[in-house]
Amino acid sequence: MRITDARVIICSPGRNFVTLKVTTEEGIHGLGDATLNGRELAVASYLTDHIIPLLIGRDARRIEDTWQYLYKGAYWRRGPVTMTAISAVDTALWDILGKAVNRPVYELLGGASRDSVMVYGHANGSNVDDTVAAVGRYVTAGYKAVRAQCAIPDMPHAYGVGRGDLYYEPAERGTPPETAWSTERYLPFVPTLFERLRREFGPDVHLLHDVHHRLTPIEAGRLGKSLEPYHLFWMEDPVPAELQEGFRLIRQHTTTPIAVGEVFDSVFDCHQLITSQWIDYIRTTVVHAGGISHLRKIANLAELYHVRTGSHGATDLSPVCMAAALHFDLSVHNFGIQEYMRHTDDTDLVFPHAYTFADGVMHPGNASGLGVDIDELLAAQYPYEPAYLPVARRQDGTMHSW
Ligand code: KDG
Ligand code: MG
């Protein structure tokens, strides 16, 4: 099953996506998501200039060997660009293998460990009433879990308050927009939001919150402690996680569960977090953390330490990643939850897919392979448009983590 062709397809049906399409001599093709928000063309070049020439002629069935060849063979290992490119190849090869044996990928990963995959949606508002209404819409739509974000009073910007009701798209065309941040205003405000949400919706709905790397460990400890009465499903990305050791301090101060990892690209970013049991959910994804093969290794390590998975699933991860994530989620034993930010209708038309949502849960479908494709003619109607995530500054002008 030799690889005879591989190509990168870049399109922007509402936002930018990079897709790798690998074809074998039998005419089977597989897809891999290679989208790295705001750095899309770097991954496209890495694939086209440095990886695709190495793929031609390789046996598509040697998934692990190809992964190791691309990882060890680069000499300079890891990093988001490299790992996103490797992820795309790995995902495409799993897709090809599934199609070759006419089975859905989850069956090749050990089979279904559950009947369906619980997902959470994004509710956000420019004030508490709006956020309450947004959570209500998700509850009415059947969601069992909802992430709630809200603008801080008298602050022009807050993470998570976006455009559109059912999807959130933070990247803006042009150069990165600047936003302002105040930890002093954020910390006392968030518990008031969740106090209200519990009052409105009762104890059963799972509530989540994304801090988006904005705090220090001791500030995060304070936030987690103040949220304990509202028993969140998780508090996400409380601090930037370059310093894994920083999570020890958060853990000492709160029993609010902690999730982290959407920007991690390998097990080396989280091995200490996992083995020290400083976190409860690992959010690494198929597209950025080495594909299905490497994500399984992370999950297997996490399982030993009572850490469950909760993969990133924002709109900047394409339907190809979403499909792969759902096959992984259905199969992996220590699954926790899957983020599901709906894509726009334009995106869904470009990437027809077999996965479905109903009553707060998803299923990858039973098509062979990943069950997702790309309509290349339609994709060509949406050319790449430069777009960037915002940056954040504290009120005195100091750069802060966005
Ligand atoms: O590209 C960045 C987004 O994916 C990110 O800001 C979304 O934090 C995010 C989340 O939890 O979905
Ligand atoms: Mg996040």
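Residue numbers count from 1 along this sequence. Only this structure's heavy atoms are used, side chains among them; waters, hydrogens and symmetry mates stay out. Whatever order the structure lists ligands and atoms in, that order sets their numbers, starting from 1.
- Note: Tyr281 and Phe233 meet the aromatic proximity criterion, with ring centroids under 6.0 Å apart.
- Aromatic pair Tyr340/Phe357: ring centres closer than 6.0 Å.
- The pair Arg283-Glu339 meets the salt-bridge criterion, with a side-chain N (NZ, NE, NH1 or NH2) lying under 4.0 Å from an Asp/Glu carboxylate O.
- Annotation: Tyr120 is in aromatic contact with Trp234 [ring centroid separation under 6.0 Å].
- Under the rule for a salt bridge (charged side-chain N to carboxylate O under 4.0 Å, His left out), the partners of Glu107 that lie at least two apart in sequence or sit in another chain are Arg103.
- The salt bridge (charged side-chain N to carboxylate O under 4.0 Å, His left out) check on Glu64 picks up Lys297, with sequence neighbours excluded.
- The residues Lys21 and Glu376 are annotated as salt-bridged, a charged nitrogen and a carboxylate oxygen being separated by less than 4.0 angstrom.
- Contact residues of ligand 1 (protein heavy atom closer than 4.0 angstrom to a ligand atom; sorted by chain and number): Asn37, His122, Arg147, Tyr159, Asp210, His212, Glu236, Glu262, Arg283, His312, Ala314, Asp316, Glu339, Leu389, Trp402.
- Checked against a 6.0 Å centroid threshold, the rings of Tyr230 and Phe194 do not count as neighbours.
- The cationic group of Arg185 does not satisfy the cation-pi geometry with Phe189, failing either the under 6.0 Å distance to the six-membered ring centre or the 45° limit from the ring axis.
- Of all protein atoms, those that are N, O or S and lie under 2.8 Å from the Mg ion (ligand 2) total 3.
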